[in-house]
Student: 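Here you go, one structure.
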Amino acid sequence: MTSAIGLNGLQKTYPGSPPVRALRNADLTINDNEFFTLLGPSGCGKTTLLRLMAGFEVPTAGELTLFGDDIAHLPPEKRPINTVFQHYSLFPHMTVLENITFGLKRLRKPDAEAKRVAQEMLDLVHLSDFSARKPDQLSGGQQQRVALARALAPQPRVLLLDEPLSALDLKLRQSMRAELKRLQRDTGITFVFVTHDQEEALAMSDRIAVMSQGEIQQVGDPATIYEFPENRFVAEFIGDADFFEAETLGGTSYKLPNGETITGPQTKAAIGAKVTLFFRPEKATLKRAGNGLSGRVSDILYLGNSTDYVVELVQGGSLTVRSENHKDGTAIAEVGSDVVVEIDPAAVRVLSA
Amino acid sequence: MTQKNDIRWLPGFNWVTLFFFLFLYLPLFILVVFSFNASRSATVWSGFSLEWYVKAFANDDIQRATKNSLIIAVFSTTFATTMATMAALTLSRNRAVKRKNLFGGVLILPLMVPEIVTAVATLTFFSAIGLSLGLGNIIIAHSVFCIPFAYLPIRARLDGMDENLEAAARDLYSNKWATLRLVTLPLLMPGIVSGAMLAFIISLDDFIITLMVAEAGSTTLPIYIYSLVRVGITPEVNAISTVLLGVSVLIVTVSYLVGNKK
Ligand SMILES: Nc1ncnc2c1ncn2[C@@H]1O[C@H](COP(=O)(O)OP(=O)(O)OP(=O)(O)O)[C@@H](O)[C@H]1O
Ligand SMILES: [Mg+2]
């Protein structure tokens, strides 16, 4: 697999007092023809990384390559990389068509070719009837698609998208997810997509890099990131998680603070070491009686297709269990019910504490 | 907010407002009305006539002064607007420039300096370096003090413009100059037009500085009007002033409309 974008010890520090270390020492390889997502909370440095790739910022240190060539100090106009901006940033004094042909004309493509490609792009984003309009005569979703068409028209090697869906309403956002995925597959262009919405990241990406405070925490495909997070930040940021502290007893046994033992995965940690165990709320089962951790339901959150039960454990602490609702629509338990939480050892993960 | 607490409902507020409007506009109104007076009197109305306009337009001195004023205004507007545009672009966009606020402040400081001080300073400076270019002296002086006036609307427009538009142009294979030509300047144009018109009016209007630096033969319209008034107010003065007023109002209106364009 060829690498489309490579980061090697890439750093960006914004001057100021104190200086802001927006990106610390990032190492990353983004593959050709990949839908790659940068995911992280606000202020973690996603836009900074994207702007470094686009050429709007110059790195403080480190290497940045595009298909093997060093591009760290190339100006943006010399990079075959295009950007879809968060607020679209369409040229307000140009029509939709002029916006889309802008890059092609700057690349000195003949007029006829520019027209033809622009028409293809308009078809691709279903806006053929809008080519003569000005951006302020379009809805947000339409502007969004013009921005996409404008960035795709020059056929860049890499397309950068900075939270392109964040300004759209839920329904539109969901249909644009599928659309973006389709565009990536049809064009074969490498997409680097920025979002702080974990659901969006899981649904769309081939691979995800989770970022926090200027550092890349973990890189992997959505299932790996969700099922096997490497640290507590990733586990908490992607989906919901139940944590509890335990002590290793060797093999697959762990001792909980109240002396009970539970079974989990094999660990490399030394016997007696403190570890954090966690599981996803939908992987535990709530029962009226049985083997497991007993407790009492203290809160119920009805989610439609499932329900979250917050269980106060007899041993102390609380867990959240997500259960599918009964087929007949009745609840599994009520607030105050005594219940038992059954945790399948296969669902338990160990994080080094 | 209830009506009682609203400042517009304070008793007597309407009358105060009315008084201020009268105070502001009554003199102008009278000036305009009496420019159409049939008799020489500036106080007694005796019928409508365009006589004073005909006389004013036929007056050689007035023609010469008007021509001088226009030449000065056109050149100094061009120069001031160019400088102001470059200053605004640098101070709002160039990341390499430090202390932008300081420079921006210094740039508009002349607005706060009493004009008479600027006038004396300019005169002293010109005579110290022995500058004697006829109209050129006035053009240079006007260019300089018009810069802050032209700068303000241009800077405001630039600050309200999404910087990502320029980033998008760079991203789409335009170098700095192409970005300036294809995106920044077209979008900045309303600000530039607005600034230029403001500079034009200020130059056309200026009296104190012009009086100080004008050499013989460089009489401008405001100075000529002043010389007429010293002899006595004639309806002819009213007529020229009315024309000047009309031009100013027209330009300010256009500038306002263009400046508020999206
Ligand atoms: N031009 C700048 N000068 C100084 N600090 C900056 C600059 N741009 C960003 N920062 C800081 O760098 C850090 C990372 O910012 P960045 O915009 O990359 O975050 P982000 O992950 O894109 O966040 P969001 O999800 O809110 O867009 C933040 O602390 C921000 O305040
Ligand atoms: Mg951002």
Side-chain angles (χ1 to χ4, degrees), chain A residues 14-16 47 50-58 74-94 98-109 114 118 134-137 143 146-156 158-163, chain B residues 85 88-104 153-196 254-255 257-262:
Chain A
Y14 290 109
T47 299
L50 216 62
R51 289 176 63 85
L52 284 167
M53 292 179 191
F56 304 140
E57 301 288 350
V58 178
L74 276 189
E77 68 269 21
K78 296 257 170 67
R79 304 183 186 198
I81 296 176
N82 290 152
T83 308
V84 176
F85 292 85
Q86 181 165 3
H87 300 289
Y88 321 139
S89 300
L90 298 174
F91 305 125
H93 57 307
M94 299 182 194
E98 286 166 338
N99 266 281
I100 297 176
T101 53
F102 188 91
L104 295 161
K105 291 205 172 134
R106 299 306 308 154
L107 288 171
R108 313 246 171 265
K109 296 277 192 259
K134 290 279 181 70
D136 62 4
Q137 300 168 319
Q143 290 184 27
V146 175
L148 257 171
R150 180 179 72 172
L152 281 171
Q155 284 164 314
V158 175
L159 186 74
L160 309 175
L161 305 105
D162 193 356
E163 309 205 23
Chain B
T85 306
L89 283 170
T90 305
L91 290 180
S92 134
R93 292 297 194 261
N94 191 338
R95 283 213 232 160
V97 177
K98 303 272 182 289
R99 306 198 174 283
K100 290 200 178 76
N101 288 341
L102 180 70
F103 283 121
I154 298 175
R155 179 67 199 264
R157 176 90 188 169
L158 209 47
D159 285 346
M161 220 163 96
D162 177 11
E163 275 191 62
N164 276 334
L165 290 171
E166 286 145 293
R170 295 294 301 274
D171 194 57
L172 293 162
Y173 313 104
S174 308
N175 60 25
K176 279 186 201 163
W177 298 109
T179 300
L180 186 67
R181 184 164 53 84
L182 298 170
V183 174
T184 317
L185 283 182
L187 292 174
L188 194 54
M189 209 33 91
I192 295 177
V193 170
S194 181
V254 171
S255 154
L257 291 178
V258 173
N260 281 349
K261 215 183 80 177
K262 268 212 274 183

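Worth knowing before you read on, the calculation uses all heavy atoms, side chains too, and leaves out hydrogens, waters and symmetry mates.
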Student: According to side chain to side chain contact (heavy atoms under 4.5 Å, CB included), who are the partners of A151(A), at least two apart in sequence or on a separate chain?
Tutor: N82(A), V84(A), L159(A)
Student: Looking at every heavy atom in both S89(A) and A168(B), which two are closest together, and how far apart are they?
Tutor: O-CB, 4.1 Å
Student: Test D162(B) against F85(A) for side chain to side chain contact (heavy atoms under 4.5 Å, CB included), laying out the working first.
Tutor: CA-CA 11 Å; D162(B) 177 11; F85(A) 292 85; over 6 Å; no
Student: Go through R51(A), E57(A), M94(A) and name the one with the most non-hydrogen pairs under 4.5 angstrom from chain B.
Tutor: E57(A)
Student: Please lay out, stage by stage, how D171(B) and F56(A) fare under the test side chain to side chain contact (heavy atoms under 4.5 Å, CB included).
Tutor: CA-CA 8 Å; D171(B) 194 57; F56(A) 304 140; 3.8 Å; yes
Student: Is chain B contacted by the side chain of L104(A), its backbone, both, or neither, given a heavy-atom distance below 4.5 Å?
Tutor: neither
Student: To the nearest 0.5 Å, what is the distance between CG on L172(B) and OG1 on T101(A)?
Tutor: 10.5 Å
Student: Using non-hydrogen atoms only, which part of L165(B) is less than 4.5 Å away from chain A: side chain, backbone, both, or neither?
Tutor: both
Student: Would you say the side chain of P75(A) lies within less than 4.5 Å of the side chain of N175(B), judging by non-hydrogen atoms?
Tutor: no
Student: Kindly state each residue pair satisfying salt bridge (Lys or Arg N to Asp or Glu O under 4.0 Å) with at least one member in residues 77-87 of chain A, sequence neighbours excluded.
Tutor: E77(A)-R170(B)
Student: Considering only heavy atoms from C-beta outward, does the side chain of L182(B) approach that of F102(A) to under 4.5 Å?
Tutor: yes
Student: Work out which heavy atom in G103(A) is nearest to a heavy atom in Y173(B); give both atom names and the distance.
Tutor: O-CD1, 3.9 Å
Student: Contact part of I81(A) toward chain B, heavy-atom cut-off under 4.5 Å: side chain, backbone, both or neither?
Tutor: backbone
Student: Just wondering, are more than 12 heavy atoms of other shown residues or ligands nearer than 6.0 Å to CD in Q155(A)?
Tutor: no
